[in-house]
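Structure record follows, encoded as structure tokens.
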Amino acid sequence: MYQKFKGILGILFILFFINVNAQIQENPVKWKSSIEQGSGDTLHLKFSAVIKKDWHINSQFNKIQDGPLPTSFNFEESDQYVLAGKVIEPKPLNRIEKEFENQTLYYFENKVTFMQKIIPKVKDSIKIKANITYMSCGNTMCLPPETEEINLKYLPKKSAGNTHYVQPAKEANLWWIFLGGFLGGFLAILTPCVFSMIPLTVSYFTKNGGIKRAIIYAASIIAIYVTLGLTVTLTLGPDALNALASNGIVNFIFFLIFVVFAISFLGAFEITLPSSWLNKSDEMADKGGLIGIFFMAFTLALVSFSCTGPIIGNLLVEAAISGSIIGPAIGMFGFSFALSIPFLLFAAFPSMLKKLPKSGSWLGKVKVILGFLELALALKFLSTFDLVYGLGILKRELFIAIWIVIFTLFGFYMLGKLKFDEYENNSTVSISGFVSSILIFSFVVYLIPGLWGAPLKLASGFLPPSFYKEWNQNNIASVSSNTENITEKHSQPCPQNLNCFHDYEEGLAYAKKVNKPIILDFTGWSCVNCRKMEDNVWSDKEVWEKLNNNYILISLYVDDTTVLPEKEQFISKTTGKKIKTIGNKWSNFQTEKFQTNSQPYYALMDTNGNMLSKPAVYEPDVKKYAAFLQKGIENF
């Protein structure tokens with residue numbers, strides 16, 4: 001009783017003292033409040049206090065008996081919104097207060113932000129009234145409790161479509177597609193079909209109109225190839241472009257096309273267009289004028305097809321499956337821009353033609369080099385076909401072994417030890433061939449450890465996933481010591497030996513059980529950037545530990561061809577198509593909930609399915625991706 005009476009007298013004394021000085025003491029705490037859009041329909045009310053040096057305010061959870069009051073929040077009742085949980089605060093500082101019988105004080109200094117989630121009940125503007133009651137304490141005294149009145153008004157932003165999820169800002173990098181096309185056009189220049197046409201065509205322009213006609217000719221080349229790219233987009237449509245990346249049959253067709261192109265480049269035969277097409281084009285080119293120049297460019301496109309066809313085919317395939325609607329057109333623009341440069345350049349400066357290397361065996365060598373590269377790239381499409389249908393015919397080790405053989409033969413060819421034509425009879429090796437062989441054999445040596453499980457990050461995206469292998473199957477989905485055994489389905493393959501689910505409902509139920517946030521990973525067997533993320537970003541120690549310890553990983557494969565039971569099949573409300581496979585189901589789920597069907601796509605969610613942060617797409621920067629995961633952990 002005496003101790004309690006003593007405490008009361010102490011408080012009265014403090015209040016008396018500070019009342020005397022309150023007239024001259026400036027309030028050491030300044031408040032600011034704001035409303036921000038949170039995940040889904042949730043709004044975040046933020047109350048920020050800027051605290052003067054040597055002063056502090058107390059935590060809501062400060063429990064010192066007969067001591068400084070905790071900070072408290074009181075919201076006026078409203079039929080416009082409901083509170084979602086309690087006011088959230090960051091981790092407070094703490095210290096032992098000897099004046100209050102060694103009880104622990106929890107407090108904040110400098111700056112602190114409290115946050116309250118609310119869920120609107122109306123679609124119109126919302127008025128929010130609240131009171132913040134707090135005590136400001138310094139080194140020698142505490143001021144009387146203050147009440148800060150809060151009056152906020154929220155005006156919802158108008159937006160088309162579903163606003164429940166936030167679309168990521170990052171889009172496909174068209175510059176890389178353009179650069180790929182530009183390099184492809186440069187390679188095409190070095191092929192026999194195009195290179196041999198340069199002197200003849202430029203000579204015609206220098207005698208008949210010079211630079212002006214050459215500009216029209218170059219513009220015609222660009223127009224022809226860009227039209228080809230646009231035709232791919234208009235014919236297939238934006239949805240079909242993404243489907244190209246995940247359709248097993250389409251990838252198998254691409255594999256066959258690449259192999260045919262590779263064999264053609266290696267000299268087995270030439271891919272030619274019908275002679276009637278060439279004759280018609282020649283007739284139109286002879287008419288002269290703008291029409292004649294255009295058809296001269298069209299004739300070049302037809303005549304050079306046996307050399308440029310494989311390059312164009314590769315470029316259109318890669319641009320189409322990139323997921324960008326205008327990707328093929330951008331790729332063709334880069335290709336045609338590079339292809340037109342020598343015709344324009346030599347028409348403007350005819351004297352440079354004398355410095356142009358003469359046609360010879362080196363042009364045939366360029367074709368063979370392209371043939372080896374085509375053959376290696378063809379395996380990527382066969383691997384996708386194998387992965388989508390789960391055939392198990394091209395596991396990671398076999399893929400690497402075939403690449404080792406291809407690039408070894410490629411290296412011997414650059415040293416002159418392999419011959420593909422009768423003109424390749426020079427026994428000497430050029431400096432460029434010698435240097436190239438060193439680089440190629442170095443790559444072969446780099447690949448060899450991959451047969452025993454090395455990550456091979458330089459080739460990530462092209463190789464099958466690291467868990468898709470023949471040996472050491474017991475490590476496919478090992479369960480870490482700090483995670484409970486989940487279910488038998490959990491033993492399905494997961495990237496980087498992480499634990500994961502492949503069913504949304506099962507993963508969500510488990511997340512509720514262990515009270516952990518979810519990372520929803522929309523991926524695909526055919527997704528190159530998904531493999532790059534798993535091999536180069538998820539393998540990072542900090543990222544791996546966050547995924548393994550702080551999240552429940554749910555990987556949903558949008559190209560899984562497993563047929564759903566008849567009773568689980570349904571008609572999509574979004575597309576009107578019948579959902580027959582597991583891949584269809586997850587692709588439709590992604591489209592409906594996130595208004596996108598591109599992969600990779602990462603969404604962080606709480607155990608009620610609410611978003612924790614803005615979703616992420618392909619992000620090769622490890623630090624940024626780790627920060628993305630950390631933000632989800634903090635918001636949870």
Side-chain angles (χ1 to χ4, degrees), residues 239-240 242-255 321 323 380-396 398-399 464-470 473 476-477 486-511 518-531 533-534 552-594 596-603:
D239 292 335
N242 188 66
L244 284 174
S246 58
N247 188 288
I249 299 299
V250 171
N251 275 275
F252 184 71
I253 293 172
F254 287 156
F255 162 71
I321 67 177
K380 172 67 182 75
F381 296 98
L382 180 60
S383 173
T384 297
F385 171 72
D386 176 52
L387 284 165
V388 168
Y389 288 97
L391 302 177
I393 59 176
L394 192 60
K395 294 289 184 75
R396 185 177 175 92
L398 180 58
F399 188 109
S466 57
F467 56 76
Y468 194 67
K469 54 192 177 184
E470 296 178 359
Q473 291 293 317
I476 280 181
I486 300 175
T487 63
E488 255 181 57
K489 289 194 175 183
H490 197 81
S491 64
Q492 294 181 40
C494 301
Q496 296 296 328
N497 281 343
L498 290 163
N499 296 297
C500 73
F501 285 90
H502 297 291
D503 182 272
Y504 175 69
E505 295 299 334
E506 289 183 2
L508 182 61
Y510 185 75
I518 293 165
I519 175 167
L520 204 55
D521 166 34
F522 288 99
T523 184
W525 294 112
S526 56
C527 176
V528 173
N529 285 338
C530 299
R531 300 293 87 76
M533 287 294 294
E534 292 162 5
I552 299 302
L553 172 62
I554 305 177
S555 293
L556 304 179
Y557 286 81
V558 299
D559 52 5
D560 189 332
T561 57
T562 305
V563 178
L564 289 166
E566 188 69 31
K567 62 180 181 180
E568 295 182 20
Q569 297 181 15
F570 61 95
I571 302 298
S572 170
K573 295 178 181 179
T574 304
T575 64
K577 296 179 180 179
K578 188 169 185 179
I579 306 302
K580 296 180 179 180
T581 67
I582 289 177
N584 294 157
K585 178 182 176 180
W586 301 135
S587 179
N588 182 72
F589 174 58
Q590 183 185 8
T591 302
E592 285 188 348
K593 298 299 183 183
F594 299 92
T596 182
N597 63 352
S598 63
Q599 295 81 41
Y601 190 88
Y602 307 104

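From I393, atom CD1 reaches atom CG of L382 across 5.5 Å, with rounding to the nearest 0.5 Å. To the nearest 0.5 Å, atom CD1 of residue I582 and atom CG of residue D559 are 11.5 Å apart. Atom-to-atom distance recorded for C494:SG and I554:CD1 is 11.5 Å, nearest 0.5 angstrom.
A 4.5 Å side-chain heavy-atom check between T562 and K580 finds every atom pair outside the cut-off. Put simply, the side chain of K578 does not reach to within 4.5 Å of the side chain of F570, judged on heavy atoms. Taking 4.5 Å as the limit, every side-chain heavy atom of L508 sits out of range of all side-chain heavy atoms of F501.
H502 contributes a side-chain N or O that, together with a main-chain N or O of S555, makes up a donor-acceptor pair within less than 3.5 Å. Listed for the S587 side chain is no donor-acceptor partner under 3.5 Å among the backbone atoms of G583. At distances below 3.5 Å, not a single donor-acceptor pair connects side-chain atoms of Q590 with backbone N or O atoms of F522.
Side-chain contact check for S383 and D386: no donor-acceptor pair (N or O, by modelled atom type) lies under 3.5 Å. At a cut-off of 3.5 Å, with distance as the only test, no side-chain donor of T523 or D521 sits close to an acceptor on the other residue.
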Candidate pair L556 and L520, rule side chain to side chain contact (heavy atoms under 4.5 Å, CB included), full reasoning: CA-CA 8 Å; L556 304 179; L520 204 55; 3.9 Å; yes
Trace of the side chain to side chain contact (heavy atoms under 4.5 Å, CB included) decision for L564 with K585: CA-CA 9 Å; L564 289 166; K585 178 182 176 180; 4.2 Å; yes
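R531 and G524 get closest at one heavy-atom pair: NH1-O, 2.8 Å. Closest approach of E592 to S572, counting heavy atoms only: OE2-OG, 4.2 Å. Scanning all heavy atoms of the two residues, the minimum distance from G507 to I552 falls at O-CG2, 3.9 Å. Heavy-atom minimum distance, P464 versus R396: O-NH1, 2.6 Å.
Aromatic ring pairs are classed by plane angle as parallel below 30°, tilted from 30° to 60° and perpendicular above 60°; the pair W586 and F589 is perpendicular. In this pair, W525 and Y468 present their aromatic rings tilted. The plane angle is within the 30 to 60° band.
For the side chain to side chain contact (heavy atoms under 4.5 Å, CB included) criterion with Q569, the lone passing option out of T581, V563, N584, I579 is V563.
Here F385 and F255 keep their ring centres 6.0 angstrom or further from each other.
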